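Just so it is clear, the model here is predicted, and its values are computed rather than measured.
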Amino acid sequence: MRLDKLLANEDFGSRKDVKKLIKKGSVQIDGEVIKDVSHHVDPTQSEVVVNGHVIDYREFVYIMLNKPKGVISATEDSRHKCVTDLLDPFYDKFNLFPVGRLDKDTVGLLLLTNDGELAHHLTSPRKKVDKIYEATINGIVTEEDVQAFKEGVTLDDGYFTKPAQLEVSETTDEHSWVIVKISEGKFHQIKRMFQARGHEVRFLKRRQMGSLSLDEQLPLGEYRELTERELDQLKA
């Protein structure tokens, strides 16, 4: 990467600003002062220091967010708060985006990254990556509902879903608490599947995507970067 491009990407100013920095001798690469703005550097292999500040360069960033209600799974919107608005401005330079989406009123696990290849792997229908949700449902979810999910459900637009796993963990006269595992990500899919069975979803939370499970220590609206182990398992 060209040195001036690297520094601009790292928020040291515009291309014009960083050229002045470089020509002033404010930049060192592996201990050597570099004044050539077109100098090429591999920031993953070399130490780049600007005015005594060591650049912590990373090509990709992976963040686990416990998404709260009222926030949309987008990078920008004129009317609503986006999930990227919850992040520290430090992450702006990485151009992160949500992997898949959660509805505005759905909470739980959301991965944000700038790794397009991993995002494609996790969201491509051909990869059949499982997503696990917990939900509160109006009414009593029956064994017939469980079997219907297992076979696939016809949605309101005529689409017939792939088989899904529905497990009832508790019921009362008014509500059922369930766990749902799907390998698709159609618009409002879980809500529409229950709607097709005559039920309404009162609460929906995603707790797992592939091998990645929500850190239950993360309060709603909080986030952290993935651990090395989590990332390795997700990529595997």
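Counting heavy atoms from C-beta outward, Leu214 and Arg206 have side chains that stay 4.5 Å or more apart. Under the 4.5 Å side-chain criterion, counting only non-hydrogen atoms from C-beta, His39 is not in contact with Arg2. The closest side-chain heavy-atom distance from Val99 to Met209 is below 4.5 Å. Taking 4.5 Å as the limit, some side-chain heavy atom of Ile63 sits within range of a side-chain heavy atom of Val61. By the 4.5 Å heavy-atom criterion applied to side chains, Leu109 and Met64 are counted as neighbours.
Note on residues 137-152: pairs passing salt bridge (Lys or Arg N to Asp or Glu O under 4.0 Å), not counting sequence neighbours, are Asp145-Arg197. Legend: salt bridge (Lys or Arg N to Asp or Glu O under 4.0 Å) pairs involving residues 69-93, not counting sequence neighbours, sorted by first then second residue: Glu10-Lys93. Residue pairs that meet the side-chain hydrogen bond (donor to acceptor under 3.5 Å, both in side chains) test with at least one member in residues 105-125, sequence neighbours left out, are Tyr62-Asp115, Asp105-Lys191. For the salt bridge (Lys or Arg N to Asp or Glu O under 4.0 Å) condition, the pairs that include at least one residue of residues 122-135, sequence neighbours left out, are Glu134-Arg207. Within the structure, side-chain hydrogen bond (donor to acceptor under 3.5 Å, both in side chains) pairs that include any residue of residues 159-174 comprise Tyr159-Glu184 (at least two apart or interchain). Among pairs with a residue in residues 214-229, those fulfilling side-chain hydrogen bond (donor to acceptor under 3.5 Å, both in side chains) read Arg58-Glu225, Tyr91-Glu225, Lys205-Glu216, Asp215-Arg224, Arg224-Glu230, Thr227-Glu230, at least two apart in sequence or across chains. Legend: salt bridge (Lys or Arg N to Asp or Glu O under 4.0 Å) pairs involving residues 22-44, not counting sequence neighbours: none detected.
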Q: Please lay out, stage by stage, how Glu200 and Gln195 fare under the test side chain to side chain contact (heavy atoms under 4.5 Å, CB included).
A: CA-CA 6 Å; Glu200 180 186 4; Gln195 185 180 47; over 6 Å; no
Q: Run the numbers on Leu226 and Leu111 for side chain to side chain contact (heavy atoms under 4.5 Å, CB included), then give the verdict.
A: CA-CA 9 Å; Leu226 298 193; Leu111 176 66; 4.0 Å; yes
(Q) Assess the residue pair Ile179 and Tyr133 against the criterion (side chain to side chain contact (heavy atoms under 4.5 Å, CB included)); give the C-alpha distance rounded to whole Å, side-chain angles, the decisive distance to 0.1 Å, and a yes or no. (A) CA-CA 6 Å; Ile179 304 297; Tyr133 296 78; over 6 Å; no
**Q.** Worked verdict on Leu166 versus Val178 for side chain to side chain contact (heavy atoms under 4.5 Å, CB included)
**A.** CA-CA 7 Å; Leu166 172 59; Val178 302; 3.7 Å; yes
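Between Pro98 and Leu110, the shortest heavy-atom contact is CB-CD2, 3.9 Å. Smallest separation of non-hydrogen atoms from Cys82 and Ala74: CB-O, 3.1 Å. Across all their heavy atoms, Ile190 and Val201 have their closest contact at O-CG2, 4.4 Å. Minimum heavy-atom separation, Gly139 to Ser176: O-OG, 2.8 Å. Heavy-atom minimum distance, Gly100 versus Ser73: O-CB, 4.4 Å. Contact between Thr84 and Leu96 at its shortest, heavy atoms only, is CG2-O, 3.7 Å.
In this structure, Val107 shares a hydrophobic cluster with Phe203, Leu220, the cluster being traced through Ile, Leu, Val, Met, Phe, Trp and Tyr side chains under 4.5 angstrom apart. Hydrophobic cluster membership for Phe187: none, as no Ile, Leu, Val, Met, Phe, Trp or Tyr side chain comes under 4.5 Å of it. Through direct or indirect side-chain contacts shorter than 4.5 Å among Ile, Leu, Val, Met, Phe, Trp and Tyr, Ile55 is connected to Met1, Leu3, Leu6, Leu7, Phe12, Val18, Leu21, Ile22, Val27, Ile29, Ile34, Val37, Val41, Val48, Val50, Tyr57.
Atom CZ of Arg192 sits about 4.5 Å away from atom CG of Leu155, to the nearest 0.5 Å. Here the CZ-OG1 distance, from Phe97 to Thr75, works out to 10.0 Å after rounding to the nearest 0.5 Å. The distance from the CZ atom of Arg15 to the CG atom of Asp4 is 4.5 Å, given to the nearest 0.5 Å. The line from CD1 of Ile132 to CD of Gln208 is 4.0 Å long, rounded to the nearest 0.5 Å.
Classification of the Phe194-His199 ring pair by plane angle, with boundaries at 30° and 60°, yields perpendicular.
In the hydrophobic clustering of this structure, Leu65 does not group with Val129; members are Ile, Leu, Val, Met, Phe, Trp, Tyr whose side-chain heavy atoms approach within less than 4.5 Å, directly or through other members. Clustering ILVMFWY residues whenever any of their side-chain heavy atoms sit less than 4.5 angstrom apart, transitively, puts Val168 in a cluster other than the one holding Trp177. Ile72 and Leu112 sit in two unconnected hydrophobic clusters of ILVMFWY residues. Membership requires side-chain heavy atoms under 4.5 Å apart, directly or through other members.
With Lys67 contributing its side chain and Lys104 its backbone, the two residues share a donor-acceptor pair below 3.5 Å. A donor-acceptor contact shorter than 3.5 Å is absent between the side chain of His80 and the backbone of Ser78.
Residues satisfying the ring-ring contact (aromatic ring centres under 6.0 Å, His included) test with Phe90, not counting sequence neighbours, are Phe94. With sequence neighbours excluded, no residue forms a salt bridge (charged side-chain N to carboxylate O under 4.0 Å, His left out) with Asp56.
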